[in-house]
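Note: hydrogens, waters and symmetry copies are ignored here, and every other heavy atom, side chains too, is used. None of these values were measured; they are calculated from a predicted model.
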Protein chains: 2
Amino acid sequence: MKCEPWTEHAEARLAAAGHKRGGARRAVLELLEHQSCALTALEIEDALRVAGAGRSVSRASVYRILDQLEQVGLVQRVETGQAMVRYERVSEHHHHHHLVCDECGLVMPFSDAALERAIDELSAHVPLQVSEHEIVLHGACSDCRGE
Amino acid sequence: MKCEPWTEHAEARLAAAGHKRGGARRAVLELLEHQSCALTALEIEDALRVAGAGRSVSRASVYRILDQLEQVGLVQRVETGQAMVRYERVSEHHHHHHLVCDECGLVMPFSDAALERAIDELSAHVPLQVSEHEIVLHGACSDCRGE
DNA sequence: TTCCGTGCAAATCTTTTGCACGGTC
DNA sequence: GACCGTGCAAAAGATTTGCACGGAA
């Protein structure tokens, strides 16, 4: 299992797909590499502008880059039922899904082997050649609920 | 198990929640009662305008009505990863999820007991008081795939 | 009579596109 | 040198809001 040169791995795959390199995309990749969960395009733009965490990237570029990364399979969209679409890097080693607090908007990852097994089993018996699946649990997080 | 007076049931619940009746909402309810799967706001607007299936309802009203129905729990949003959000009536007797063909946009319902069991099981062990869950399988439908 | 439901038009907000410039190959 | 990647500004498209009127309670 490789360590964490995900950005490098991503650049390599992009190159293989015939894309030239670029500073904006590099900055987005480096940001995504260190995220634990999905971000919106706006959050990505802000994170890059604020922190010395790289360089600013225009919003249009963020969207173009995310779209490109999604097509190459490096990033996946996450629909949380909130206003904006979220994006996160795809990790072969750690497939997960999402918990969304409908009160405060908090998004957390989770994974469950039994669930994946059920999905795999089911996918074989359905009138669709399943390539991906997305699961979102909605509810109230502990902060919003109690306390 | 009741027959199908869903529209009546819905009107009753809305009344109980303190809402007055209205022709536009009635038309939307009657349309939703007979749908087998989720529709977008635009599809609902078009369906009501074209068919003698009731009466035309302005787009703003369609959105307002759907939002209201969702809050009362009569309708649920379905995020299919397509541009627009979809809505469908909630049915106590037939909980289901969705298959989405990424080629042609076809949306089909499916249900699976093992999957529901896995979700229920898992919901108990997660840092969120789960109230709802949404599952979407993406892939290619038989028409788009083979011929 | 008092409000709520509805239509219409304008506003908002996310995401996309057109165009020009600068960097990569 | 040819093209792609990027920024900026404008466009597009979905959804929301403001306002005024007509119907429900």
Review point. Salt bridge (charged side-chain N to carboxylate O under 4.0 Å, His left out) between A:E121 and A:R117: does it pass, once the steps are laid out?
Key: CA-CA 6 Å; A:E121 172 65 23; A:R117 227 175 294 127; over 6 Å; no

Just the rounded figure in Å: distance from [atom2] of [N] to [atom1] of [X].
| X | N | atom1 | atom2 | result |
| --- | --- | --- | --- | --- |
| B:L14 | C:dC4 | CG | C1' | 13 Å |
| A:R64 | D:dC8 | CZ | P | 11 Å |
| A:Q82 | C:dC13 | CD | P | 17 Å |
| B:E45 | C:dC8 | CD | C1' | 12 Å |
| B:I65 | C:dG5 | CD1 | P | 10 Å |
| A:M84 | D:dA14 | CE | P | 19 Å |
| B:E43 | D:dT15 | CD | P | 11 Å |
| A:R86 | C:dT15 | CZ | P | 11 Å |

Minimum-distance nucleotide (side-chain atoms of [X] versus [options]):
| X | options | value |
| --- | --- | --- |
| A:V57 | C:dC25, C:dT6, D:dG7 | D:dG7 |
| B:K20 | C:dC4, D:dG5, D:dT15 | C:dC4 |
| A:H19 | C:dG5, C:dT14, D:dG5 | D:dG5 |
| A:V85 | D:dG18, C:dT15, C:dG5 | C:dT15 |

Exercise for review: Take A:D67 and A:R64, measure what salt bridge (charged side-chain N to carboxylate O under 4.0 Å, His left out) needs, and give me the verdict at the end.
Suggested key: CA-CA 5 Å; A:D67 186 56; A:R64 272 185 297 230; over 6 Å; no

Practice item. Mind checking B:L42 for me? I need base, sugar-phosphate or nothing, with any heavy atom below 4.0 Å counting as a touch. Key: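 Here B:L42 touches no strand at all.
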
Exercise for review: Tell me what B:R25 touches on the nucleic acid: a base, only sugar-phosphate, or nothing, going by heavy atoms under 4.0 Å.
Suggested key: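 Answer is sugar-phosphate: B:R25 comes under 4.0 Å of backbone atoms only.
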
Review point. How about A:R21: does its CZ atom have over 12 heavy atoms from other parts shown lying under 6.0 Å from it?
Key: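 12 or below, so no.
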
Review point. Do you see a donor-acceptor pair shorter than 3.5 Å between the side chains of B:H98 and B:E134?
Key: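 B:H98 vs B:E134: no donor-acceptor pair found between side chains.
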
Exercise for review: Using distance alone, with no hydrogens and no angle criterion, decide if A:H97 and B:H133 have a side-chain donor and acceptor under 3.5 Å apart.
Suggested key: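 Checked: A:H97/B:H133 side chains show no N/O donor-acceptor pair below 3.5 Å.
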
Point to revise | Side-chain donor/acceptor contact of A:R26 with base of D:dG5 under 3.5 Å | key: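 Result: no qualifying N/O pair found.
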
Exercise for review: Please tell me which of A:A60 and B:D67 maps to the more 5' nucleotide of DNA chain D, matching each residue to the nucleotide holding its nearest heavy atom.
Suggested key: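 Its nearest nucleotide lies further toward 5', so the answer is A:A60.
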
Practice item. Select from B:R21 and A:G22 the residue whose nearest nucleotide in DNA chain C is closer to the 5' end of that strand. Key: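 By nearest-heavy-atom nucleotide position, the 5'-most residue is B:R21.
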
Check your understanding: Does C:dG7 have OP1 or OP2 sitting under 4.0 Å from an N or O in the side chain of B:S58?
Key ->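 For C:dG7, OP1/OP2 do have a side-chain N/O of B:S58 under 4.0 Å.
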
Check your understanding: Taking only side-chain nitrogens and oxygens of A:Y63, does any of them come within less than 4.0 Å of OP1 or OP2 of C:dT16?
Key ->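 So the side chain of A:Y63 is outside the cut-off, no N or O lying under 4.0 Å from OP1 or OP2 of C:dT16.
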
